[in-house]
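Only one structure is covered here, and it is reproduced in the block below.
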Amino acid sequence: MTPAPHRSHTDDLLAFIAASPSPYHVVASAAQRLEKAGFRELRGTDDWTGATGGCFVARAGALIAWYVPEDAPAHTPFRIVGTHTDSPNLRVKPAPDTGTAGWRQIGVEIYGGVPLNTWLDRDLGISGRLALRGPDGVPRNRLVQIDEPLLRVPQLAIHLDRTVNEGVALDRQRHIAPIWALGEPREGELLRRVASAAGEDPSDVLAWDLMLHDVQPPGYLGVDREFVVASRLDNQVSVHAGVTALVDAATGQTRPSYVPVLAAFDHEEVGSGSETGAQSPLLERVLSRSLAARGGSEEDWSRALAGAFCVSADMAHAVHPNYAERHDPDHRPLPNGGPTVKVNVNQRYATDSTGIAVLTAAAERAGAPWQPFVSNNAMPCGTSIGPLTAARLGVTTVDVGVPGLSMHSAREMCGVRDPGHLAAILTTIMVGE
């Protein structure tokens, strides 16, 4: 039986997530797909003169990719899809080998807004990147991914806490250190294990950016398998949709009317204030340099931005059946009803009526549904990279996202159809049909 189109897209999404346990792996997975589609990587130290077609810049956990249609004038407006590569998790400390009471443990920091209880009693692997000695004293990086169940943060037995079902108070320093062996701590043990997995000499490892991930693979859920369950849906659903849309725009039969762009930033979950975050000038510098490399002027740059449009794509909240009172009573998105358009008049989201109109027209052309979303007035509203990008570039921006449950949990959930709907809408916006 031929799979439904949405299942084909979602099967590919699950493979993308499984291969991408860290932001650095997300960038590597995206770059691999772009290169397969004919895109070429440009480095900051390269000469970009005359660079057209499909190009991308990868920097740590961030990636900026774009496609210049043949003979497109330098002032051709940008159609930008903004996403983020990072997800809340547990990250390994610089001196990680610790322990107590006869157990060997690993010291971790808590990254982003983590519901800590969701990381209890899960089988955890390690992933990230190593900074290694390189030729001529220039460090080199190596990705590492250990999908074995190496670690676990054990829940305290109910016999030792009879009030556990009245609420668990987890101390972020004392209660979240995972165990991985018995005995006294051994300095350098984690380094040796990770270096071995990467095929490197531990003495060559100068530093690392390592994190823990749930090794349970992504999959389908429900009596009719109408849901997706996986780690890091927030926000790899959007990165994958953005990559898919950019490749489709670059390789499809319809020539894009714009310069389609994918901006996948890191550190959104902690405020985006880094060299690879949405608050940095990374996107602005890459796009302006790419335009100048094609012979564009300052006037061309201003014209390209004046006609630009940005979609900030980030996961959204579906109405929770057990906590329906926490949602706005007239805005209750459901899985498989299409991506949500997120509105907040206090600019936690950048959406305005112009953005909604562009999104609506694209959804109609793509044959994809969408749903409106606003927060309950009595609840604090989340945010995204949308307002940051809109403010930095001065471009019309709309915030959208696939609705799901268990956001920021170690394992999240969304509808099986919505990732494909999002990709279809983004493709239509990038192409400008």
(message) Applying side-chain contact (heavy atoms from CB on, under 4.5 Å), can you list everything that pairs with Pro88, at least two apart in sequence or on another chain?
(response) Val114, Glu269, His408

(request) Would you please test Arg33 and Asp12 for salt bridge (charged side-chain N to carboxylate O under 4.0 Å, His left out) and show each step? (result) CA-CA 11 Å; Arg33 289 163 181 253; Asp12 190 60; 2.5 Å; yes

(message) Within this structure, what is the OG1-CE distance for the pair Thr83 and Met315, rounded to the nearest 0.5 Å?
(response) 13.5 Å

(message) Tell me which pairs pass side chain to side chain donor-acceptor pair (under 3.5 Å) where either residue lies in residues 96-109, with sequence neighbours left out.
(response) Arg104-Glu189

(request) Mind checking side chain to side chain donor-acceptor pair (under 3.5 Å) for Asp209 and listing every partner two or more places apart, or none if nothing turns up? (result) Arg129

(request) Please name the pair of heavy atoms, one in Ala410 and one in Ser231, separated by the smallest distance, quoted to 0.1 Å. (result) O-OG, 2.8 Å

(request) Please check if the side chain of Lys342 supplies one atom and the backbone of Asp314 the other of a donor-acceptor pair under 3.5 Å. (result) yes

(request) Kindly compute the distance separating CG (Leu283) from CZ (Phe265), expressed to the nearest 0.5 Å. (result) 4.5 Å

(request) Return each pair, listed once, that meets side chain to side chain donor-acceptor pair (under 3.5 Å) where at least one residue sits in residues 49-61; pairs must be two or more places apart or across chains. (result) Asp47-Thr49

(request) Please name all residues satisfying side chain to side chain donor-acceptor pair (under 3.5 Å) with Glu284, sequence neighbours left out, ordered by chain then number. (result) Arg392

(message) Can you give me the closest heavy-atom contact between Ile176 and Val153, atom names plus distance?
(response) O-CG2, 3.6 Å

(message) Taking salt bridge (Lys or Arg N to Asp or Glu O under 4.0 Å) as the definition, give me every residue that meets it alongside Arg122, ordered by chain and number, with sequence neighbours left out.
(response) Asp214

(request) Please name all residues satisfying side-chain contact (heavy atoms from CB on, under 4.5 Å) with Glu70, sequence neighbours left out, ordered by chain then number. (result) none

(request) Would you please say whether a donor-acceptor pair under 3.5 Å links the side chains of Thr397 and Thr389? (result) no

(message) Tell me whether Glu226 at atom CD has more than 12 heavy atoms from other residues, nucleotides or ligands lying less than 6.0 Å away.
(response) yes

(message) So, taking the atom named CH2 in Trp208 and the one named CG in Leu190, what distance separates them when rounded to the nearest 0.5 Å?
(response) 6.5 Å

(request) Begin with the C-alpha distance, continue with both residues' side-chain angles, and end with the deciding distance and a verdict on side chain to side chain donor-acceptor pair (under 3.5 Å) for Asp147 and His213. (result) CA-CA 8 Å; Asp147 285 328; His213 65 274; 2.8 Å; yes

(request) May I ask you to say whether Asp86 pairs ionically with Arg91, meaning some side-chain N is under 4.0 Å from a carboxylate O? (result) no

(request) Would you please name every residue forming a side chain to side chain donor-acceptor pair (under 3.5 Å) with Asp418, sequence neighbours left out? (result) none

(request) Check side chain to side chain donor-acceptor pair (under 3.5 Å) between Arg140 and all other residues, then give those that pass, not counting sequence neighbours. (result) Glu200

(request) Scan for ring-ring contact (aromatic ring centres under 6.0 Å, His included) pairs involving residues 38-68, sequence neighbours excluded, and state none if there are none. (result) Trp48-Trp66

(request) Examine the side chains of Asp201 and Ser203 and answer whether a donor and an acceptor come within less than 3.5 Å of each other. (result) yes

(request) List in chain and number order the residues that pass salt bridge (Lys or Arg N to Asp or Glu O under 4.0 Å) with Asp46, two or more places apart in sequence or in another chain; answer none if no residue qualifies. (result) none

(request) State whether a side-chain donor-acceptor pair under 3.5 Å links Thr163 with Asp161. (result) yes

Name each donor-acceptor pair under 3.5 Å that joins a side chain in residues 216-224 to protein atoms two or more places apart or in another chain, with its distance.
{"from": "Tyr220", "atom 1": "OH", "to": "Arg7", "atom 2": "NE", "distance (Å)": "3.3"}
{"from": "Tyr220", "atom 1": "OH", "to": "Asp11", "atom 2": "N", "distance (Å)": "3.3"}
{"from": "Tyr220", "atom 1": "OH", "to": "Asp11", "atom 2": "OD1", "distance (Å)": "2.4"}

(request) Enter the distance from Arg79:CZ to Thr427:OG1 here, rounded to the nearest 0.5 Å. (result) 13.0 Å

(message) So which atom in Thr396 and which in Gly355 form the shortest heavy-atom distance, rounded to 0.1 Å?
(response) CG2-N, 4.2 Å

